[in-house]
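Start at 1 and go down the list; that is how both ligands and their atoms are numbered. What you see is a predicted model, and the numbers here were worked out from it, not measured in a lab.
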Amino acid sequence: MTTTTREQAGKSKDVIKKDGKTFFEFTDRITAFDGMKKDEYPDKGEVCCRLSTYWFEILEKEGIPTHFRAFVPPNVMEVEYLEIIPVEVIWRNFVAGSLLKRYESGEKPLVGIEPRLGARIPEGICEFTTKFEATDRLIDEQEVLDNRWLTREELDMIKESTRRVNNVMSAHLLEKGIILADFKIEFGKNLAGKILLADEVGTPDGCRFWDAGSYDEGRIESLDKDVYRYEKGDLSDAYATIMRRICG
Ligand code: 5GP
């Protein structure tokens, strides 16, 4: 007898467990501003599943271990079962989003960086937010350690992996005329206790992608969820465009 269970994982994916295997179904759901804004867009799930597959395969080849096992077209992925680490990791190459908001509210989160949308952060920065709280809350490394979510060694390993994910994706994208402004990723532990890159990666839901030509002319042209957050155009069109430009 086969048993199948389905539950909602995060806001845009369902997790299906079938015959001892774990699958992610990427749905057309989209939310923003901690779930305050919600919609569905045709083909969004397929775009995010295909892009995650594309990047997981590249990152595995680059020696970054991931939970990706197989692509089940059009919008499902088989993954290795992981216990998710309750910390989300953000990498930023340019000022945008909640970092810009911190500047606007009077904080000085980065020394020596212009408080302006699109200002470059020369060495990049790595930040952490909570995963299982009602809203994603910025936390520092000490809180991660104090809560015993990660050991010092694991935290350093995750930061280094995130830096490598950034280097691999940024280089690929620049060849395609796209700037990776920032992104968020998650990690989990498999049954053997090994830390793997989890969830999704390199999708317009979890990254800010900017057209490089427009940036050089002084404009930010978003090809990501900011189109939805700030009503900059049609999301299905923007997601189709970014998939075509990345995957060819
Ligand atoms: P910010 O903190 O500036 O709003 O977001 C930083 C980066 O994390 C952006 O690329 C944004 O798209 C991504 N991000 C923010 N919240 C989430 C989330 O809940 N899930 C995913 N996958 N990415 C997120």
Do the ring planes of Tyr215 and Trp210 sit parallel (below 30°), tilted (30 to 60°) or perpendicular (above 60°)?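 Judged by the thresholds at 30° and 60°, the geometry between Tyr215 and Trp210 is parallel.
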
Could you tell me how the ring of Phe68 sits relative to the ring of Phe56: parallel (under 30°), tilted (30 to 60°) or perpendicular (over 60°)? parallel

Electrostatic pair Asp136-Lys184, nearest N-O below 4.0 angstrom: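 Between Lys184 and Asp136 there is a salt bridge, with a charged N closer than 4.0 Å to a carboxylate O.
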
Could you go through the salt bridge (Lys or Arg N to Asp or Glu O under 4.0 Å) check for Lys101 and Glu107 one step at a time? CA-CA 9 Å; Lys101 280 207 191 101; Glu107 278 182 59; over 6 Å; no

Start with the C-alpha distance between Phe24 and His67, add both sets of side-chain angles, then the distance that settles ring pair (Phe, Tyr, Trp, His ring centres under 6.0 Å), and finish with yes or no. CA-CA 11 Å; Phe24 273 5; His67 72 156; 5.4 Å; yes

Under 3.5 Å, is there a donor on one side chain and an acceptor on the other for Ser214 and Glu217? no

Show the distances, to 0.1 Å, for all pairs joining an N/O atom of ligand 1 and a protein N/O atom that are shorter than 3.5 Å, listing one pair per line.
residue, atom, partner, partner atom, Å
ligand 1, 2 (O), Arg92, NH2, 3.0
ligand 1, 2 (O), Ser98, OG, 2.5
ligand 1, 3 (O), Arg92, NH1, 3.0
ligand 1, 3 (O), Arg92, NH2, 3.4
ligand 1, 3 (O), Ser98, N, 2.8
ligand 1, 3 (O), Ser98, OG, 3.4
ligand 1, 3 (O), Arg208, NH1, 3.0
ligand 1, 10 (O), Asp182, OD1, 2.6
ligand 1, 10 (O), Gly206, O, 3.4
ligand 1, 10 (O), Arg208, N, 3.4
ligand 1, 12 (O), Arg229, NH2, 3.1

